[in-house]
Amino acid sequence: MSTAPLRSDPAFAREADATDPLRGFRDEFLIPAQAGGNPVHYFCGNSLGLQPRGVGEILERELAVWREQAVLGHHRGDTPWYRYHELLRAPLGRLVGALEHEVVCMNSLTVNLHLLMVSFYRPQGRRTRVLVEDQVFPSDMYAVKSQIRWHGLDPERDLVQLAPRPGERHLRTEDVEAFLEREGETVALVLTGGVNFLTGQRYDLKRITRAAHAAGARVGFDLAHAAGNVPLRLHDWKVDFAVWCSYKYLNAGPGAVAGAYVHESHARDRSLPRLSGWWGNDPETRFRMQLEPEFVPVPSADGWQLSNPSILGMAPLRASLDLFDRAGLDALRTKSIRLTGYLEYLLDELAVARVEILTPRDPEARGCQLSVRLREGARQAVETLAARGFVCDFREPDVLRIAPTPLYNTFGDVRALAGVLAGEASPR
Ligand SMILES: Cc1ncc(COP(=O)(O)O)c(C=O)c1O
């Protein structure tokens, strides 16, 4: 990846794309077309990733097994369904920095959050509180409040939201640490995002985990906006649990099967309460339920499974994770920092009067997404972008979330977007 000084002329984008070592990966995706036939400029990988070309084929393979083998497909062929989720362990483990037996592909994100809170939110005595970030994704908030009430407690008292300091926009890690030092003995669980969905702030998960453990609390993360976006080392950081979805940066399609991580130190702990179902049971004895009715959890993240998972929901994820493996996580992150840095540079150079960047300026404190406030005429700007073939995510009243993803976005996409926000009359 070139490190030449950034420039705002359109030729720079062409040069950067021509020398991008990952440029071939864009062709691995199906990009929707604009009315004239040109591909859209897609900046919504933070919401729904594009479809990898390999998805059709991998799905058709399983449809053929279903068609031709029906129930025998559970145990026949190259990818028997009985152990299909195991095929995802190695690539998912690499993606989130976990051991293979610490990750499992199952359910959807909020369901996994509930299942893992059952095990890791265990209020006792004075230690009853859940500590979350200020701008929590609403589904997480509903989940946390309902768990607190489930234990007969009161969210008014037992939910703590840590906000940035007055006049600041981002939560400081030292403030999380200071809170936990001061009041940690009342905290049962710390739960934050990996990258905040609204501001794009990336949290220092290593330090938060250390501070939570020093205070005697458990720690879990919602990695919806972090998985496939920023480097993660969940095992080394000793994170207790994490959950993520697969339809954003992981490009596995709408409602695709989600992921969960549980540190191996918990997997063998039979004293941890959990909600159980047959797919969490030892696969060797799973069908001997009449003879061996007692639940024997798999001593790994698999032990938190409930039901047999959707093969058609998991197959696209295999196609997508293959691309991550081929591109390499380090190379993707290098391009991501450059691409988002280019977007930031262009907005500062060309469109500073019209947009205010809300995401941290430090590349280490963010992923690929920049959230920007449109200073005036937000609605009009969003309509102009849509009319010119840009797909971005708008949050009322005036925040645009722009996520240039290194697998399929180009420097040309970014230059074109900045041009529109700068009020340039036509694409240059
Ligand atoms: C940060 C975050 N958490 C949770 C969710 C909810 O995910 P699901 O509907 O898969 O449970 C989303 C969905 O976009 C999200 O962005």
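Just follow the structure's listing: the first ligand is 1, and inside any ligand the first atom is 1. If you're wondering where the values come from, they're calculated on a predicted model, not measured in any experiment.
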ask   = Under a strict 4.0 Å criterion on non-hydrogen atoms, which protein residues are in contact with ligand 1?
value =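 For ligand 1, the contacting residues are L109, T110, F137, D140, D222, A224, H225, Y247, K248.
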
inquiry  = Once you measure the plane-to-plane angle for H235 and H263, does it fall in the parallel (<30°), tilted (30-60°) or perpendicular (>60°) bin?
reply    =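 Answer is parallel, since the angle falls under 30°.
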
Would you be so kind as to tabulate the donor-acceptor pairs closer than 3.5 Å made by side chains of residues 208-218, with sequence neighbours excluded?
unit_1: T209; atom_1: OG1; unit_2: L205; atom_2: O; d: 2.6
unit_1: H213; atom_1: NE2; unit_2: D240; atom_2: OD2; d: 2.8

request  = For residues Y82 and H75, establish whether the separation of their ring centroids is below 6.0 Å.
outcome  =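 Yes, close enough.
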
inquiry  = Could you check whether H266 and F241 have their ring centres less than 6.0 Å apart?
reply    =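 Ring centroids of F241 and H266 are no less than 6.0 Å from each other.
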
key: All ring pair (Phe, Tyr, Trp, His ring centres under 6.0 Å) counterparts of F221, not counting sequence neighbours   =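 If we apply the ring pair (Phe, Tyr, Trp, His ring centres under 6.0 Å) test to F221, skipping adjacent residues, there are no hits.
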
ask   = Who passes ring pair (Phe, Tyr, Trp, His ring centres under 6.0 Å) against F390, sequence neighbours left out?
value =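 In terms of ring pair (Phe, Tyr, Trp, His ring centres under 6.0 Å), with neighbours along the sequence ignored, F390 is linked to H41.
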
